[in-house]
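To start, the structure under review is shown below, and the notes come after it.
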There are 2 protein chains.
Amino acid sequence: MEVYKDEKKRIYLENNSIAYLFGFQVDEFIEVHEYQRGEWIIQEGMRPDFLFYVMEGAAKIYITHQNGKVSLINFISANDYIGEMELLNDVYYTKGIQASTKTICFALPFYRYRTQLMEDAKFLRELTKFLSVKATLRAAKYSQSLAFPLENRLADFILQTADEGIYKEKHITVCDYLGVSYRHLLHVLKQFCDKNYLQKEGRNYQIIHYDSLYKLAEVLKHN
Amino acid sequence: MEVYKDEKKRIYLENNSIAYLFGFQVDEFIEVHEYQRGEWIIQEGMRPDFLFYVMEGAAKIYITHQNGKVSLINFISANDYIGEMELLNDVYYTKGIQASTKTICFALPFYRYRTQLMEDAKFLRELTKFLSVKATLRAAKYSQSLAFPLENRLADFILQTADEGIYKEKHITVCDYLGVSYRHLLHVLKQFCDKNYLQKEGRNYQIIHYDSLYKLAEVLKHN
DNA sequence: TGAATAATATGAGATATCTCATATTTTCGA
DNA sequence: TCGAAAATATGAGATATCTCATATTATTCA
């Protein structure tokens with residue numbers, strides 16, 4: 001992890017204004033952090049000292065269960081907050097957040113800004129919107145996961161993440177995210193290939209029959 | 001649904017102050033609504049005209065999937081907001097909310113208060129906290145539902161909802177909430193009885209072996 | 001009060017998903 | 001560049017969960 005200093009920090013701040021997020025001046029004590037792929041932005045179970053706002057990159061939120069099973073809870077990308085739960089709640093079990101690409105974020109030290117943030121309508125309004133969108137997405141995903149078999153959810157996931165007709169997510173990530181076993185994921189992928197919805201090309205899968213996948217995924221949408 | 005008028009409204013407002021929720025005066029245009037068991041506070045798919053704050057009672061949030069399957073998404077009780085999603089987001093699929101007991105809430109008309117609410121730090125701070133807690137609970141429930149079989153989740157649910165050692169939730173509600181079929185729920189309940197964790201008494205179940213259930217539920221908690 | 005509706009109950013077979021064992025291939029750091 | 005670790009792959013049997021069919025109570029309401 002690198003903390004931008006002096007000139008480097010100044011330049012980054014100049015080129016990436018986040019004044020629109022706050023009703024007051026934050027420049028003085030704000031930091032700019034850069035994390036490499038694989039680095040932990042927050043360690044599971046340890047409260048962070050900063051409120052982060054992600055500018056570039058992507059990360060994943062994980063939680064470890066008592067039985068050792070690890071769940072990927074969600075993806076984080078540009079314009080997401082990190083540490084907002086800890087800002088708002090004194091009692092909160094901190095999830096682990098790991099950068100999955102190089103990730104740059106602004107970091108506001110709690111000890112310095114907590115009081116001001118909690119009284120700033122502009123900030124609170126932005127955060128509220130962020131939280132409500134997050135809650136909505138999560139609710140949708142949750143009720144889907146209970147109501148539909150992997151076949152439908154995977155079709156949706158493939159269409160969402162495929163790039164130019166090519167699906168190339170890591171299986172391990174996907175089973176975490178969709179909450180199924182590795183074995184079963186492969187099984188359903190094979191079915192898709194057998195049915196000619198996909199065609200395997202080395203590590204990747206090319207979408208052959210878009211419509212069939214779309215039909216499977218469509219079932220997830222309510223109305 | 002009854003809207004309290006005149007004297008009745010005045011008395012209710014006097015006895016139940018919610019001044020602490022807002023940084024400005026809301027008395028003038030606020031309404032007090034009372035819903036009977038079974039009544040819909042919000043119809044699925046129809047945007048509400050009010051922001052509600054629940055004072056008494058309990059309700060359930062439902063969503064209907066395209067395949068006709070209905071999921072119970074969550075419970076609502078005193079001190080919860082309703083309609084906050086619609087206040088914050090112009091685009092939002094409204095879930096259905098049905099009172100499960102007599103429910104009384106304050107109702108603030110959007111057309112009158114929207115602008116002021118979105119600029120009121122006190123209100124936004126309360127709402128933000130509410131949303132963050134909500135998001136946390138949902139996240140926990142979600143990752144649990146994927147990582148553990150019904151046995152564990154049901155044990156937890158029974159301990160949470162049992163009243164003086166007696167569990168008496170309606171099966172239908174529970175399968176909605178836990179996202180399993182009616183048949184399977186009964187199957188696992190029968191197992192609990194066979195193992196002497198529970199003892200069936202007419203419609204209800206008495207908790208016999210608290211410890212065993214606790215052990216099953218404990219597995220859900222992370223650390 | 002009686003009929004309609006909701007809730008509870010149970011069996012049996014089907015399917016979705018998991019666990020475990022094991023092999024091969026790829027990636028990546030020392 | 002070599003070896004460890006990560007990722008992919010596949011089989012086989014176990015288990016969790018679903019669907020459907022069908023009865024039997026409760027509850028509600030006209």
Side-chain angles (χ1 to χ4, degrees), chain A residues 36-39 60 62 65 67-72 98 100-101 144-155 157 166-195 198-205 216 219-220, chain B residues 36-39 60 62 65 67-72 98 100-101 144-155 157 166-195 198-205 216 219-220:
Chain A
Q36 296 310 309
R37 176 173 190 278
E39 272 191 294
K60 290 175 192 154
Y62 289 99
H65 297 281
N67 61 3
K69 210 167 193 172
V70 175
S71 295
L72 171 60
Q98 187 182 37
S100 47
T101 67
Q144 281 169 18
S145 76
L146 292 176
F148 298 97
L150 181 61
E151 188 178 40
N152 300 288
R153 293 181 288 134
L154 180 58
F157 186 81
I166 308 274
Y167 168 76
K168 52 173 91 168
E169 294 300 315
K170 286 215 194 311
H171 296 331
I172 289 189
T173 306
V174 180
C175 10
D176 269 358
Y177 189 60
L178 298 179
V180 294
S181 69
Y182 187 91
R183 191 65 193 81
H184 190 52
L185 173 63
L186 280 249
H187 182 232
V188 175
L189 274 174
K190 180 151 188 304
Q191 277 179 214
F192 282 180
C193 291
D194 289 350
K195 290 180 187 164
L198 299 177
Q199 186 172 314
K200 204 171 158 181
E201 292 181 342
R203 294 264 140 145
N204 304 336
Y205 293 80
L216 285 174
V219 177
L220 299 185
Chain B
Q36 296 310 309
R37 176 172 190 279
E39 271 191 292
K60 291 174 190 153
Y62 288 100
H65 297 282
N67 61 4
K69 211 166 192 172
V70 174
S71 295
L72 171 60
Q98 186 182 38
S100 47
T101 67
Q144 281 170 18
S145 75
L146 292 176
F148 297 97
L150 180 61
E151 188 180 40
N152 300 289
R153 294 181 288 134
L154 180 58
F157 185 81
I166 309 275
Y167 167 78
K168 52 174 95 167
E169 294 300 315
K170 284 214 194 314
H171 297 330
I172 289 189
T173 305
V174 180
C175 8
D176 269 358
Y177 188 60
L178 297 178
V180 294
S181 69
Y182 187 92
R183 190 65 194 80
H184 190 52
L185 173 64
L186 279 250
H187 181 233
V188 175
L189 273 174
K190 181 152 187 304
Q191 277 179 214
F192 283 180
C193 291
D194 289 351
K195 290 179 187 164
L198 298 178
Q199 186 172 315
K200 204 170 157 182
E201 292 181 342
R203 294 266 139 146
N204 304 336
Y205 293 80
L216 284 174
V219 177
L220 298 186

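Each chain gets a letter, A, B and so on, in the order its sequence line appears, and its residues count up from 1.
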**Report entry** Closest non-hydrogen atom pair, V174(A) against E169(A)
**Finding:**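 Closest approach of V174(A) to E169(A), heavy atoms only: CG2-CB, 3.6 Å.
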Query raised in the report: Taking all atoms of both residues into account, what is the closest heavy-atom pair of C175(A) and V180(A), and its distance?
Result: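 Heavy atoms of C175(A) and V180(A) come nearest at CB-O, 2.8 Å.
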Separation of atom [atom1] in [X] from atom [atom2] in [N], rounded to whole Å:
X	N	atom1	atom2	answer
N204(B)	dT25(D)	CG	P	18 Å
L150(B)	dC18(C)	CG	P	15 Å
E151(B)	dC18(C)	CD	C1'	15 Å
L146(A)	dT17(C)	CG	P	12 Å
Q36(A)	dC28(C)	CD	P	14 Å
Q191(A)	dT15(C)	CD	P	11 Å
F192(B)	dA9(C)	CZ	P	16 Å
F148(A)	dT17(C)	CZ	C1'	18 Å

Using the side-chain heavy atoms of [X], tell me which of these nucleotides is nearest: [options].
X	options	answer
Y205(A)	dT19(C), dT19(D), dA9(D)	dA9(D)
R203(A)	dT17(D), dT8(C), dT26(C)	dT26(C)
I172(A)	dT17(D), dT8(C), dT8(D)	dT8(D)
H184(A)	dT17(D), dC18(C), dA7(D)	dC18(C)

Report task. State whether the number of non-hydrogen atoms from other residues, nucleotides or ligands found under 6.0 Å of H187(B) atom NE2 is greater than 12. Result ->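 Open.
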Query - Other residues, nucleotides, ligands: >12 heavy atoms within 6.0 Å of K190(A) NZ - result: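 Open.
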Query raised in the report: Does any N or O in the side chain of R153(A) come within less than 3.5 Å of the main-chain N or O of F148(A), such that one atom is a donor and the other an acceptor?
Result: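 Flag set: sc R153(A) to bb F148(A) pair under 3.5 Å.
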**Report entry** Euclidean distance, E151(B) CD relative to L216(B) CG, rounded to 0.5 Å
**Finding:**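 The distance works out to 5.0 Å.
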Requested in this report: Could you tell me the separation between the CG atom of N204(B) and the CG atom of L198(B), rounded to the nearest 0.5 Å?
Outcome: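 Output value for this atom pair is 11.5 Å.
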Requested in this report: With axes from five pairs an end, tell me the bend angle of the helix from dT1(C)-dA30(D) to dA30(C)-dT1(D), nearest 10°.
Outcome: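 Nearest ten degrees gives 60° for this helix.
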Do any N or O atoms of the protein come closer than 3.5 Å to N or O atoms of nucleotides 10-12 of chain D, and which pairs are they?
from, atom 1, to, atom 2, distance (Å)
dG11(D), N7, R183(A), NE, 3.0
dG11(D), N7, R183(A), NH2, 2.9
dG11(D), O6, R183(A), NE, 2.9

Query raised in the report: Do the rings of Y167(B) and F157(B) sit parallel, tilted or perpendicular, given the 30° and 60° boundaries?
Result: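 Perpendicular.
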Query - Under 4.0 angstrom between H187(A) side-chain N/O and dA16(C) OP1 or OP2 - result: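 Checking H187(A) against dA16(C): no side-chain N or O falls below 4.0 Å of OP1 or OP2.
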Report task. Could you tell me whether the side chain of L189(B) reaches within less than 4.5 Å of the side chain of H171(B), counting heavy atoms only? Result ->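 A side-chain contact exists here, since the closest heavy-atom pair is under 4.5 Å.
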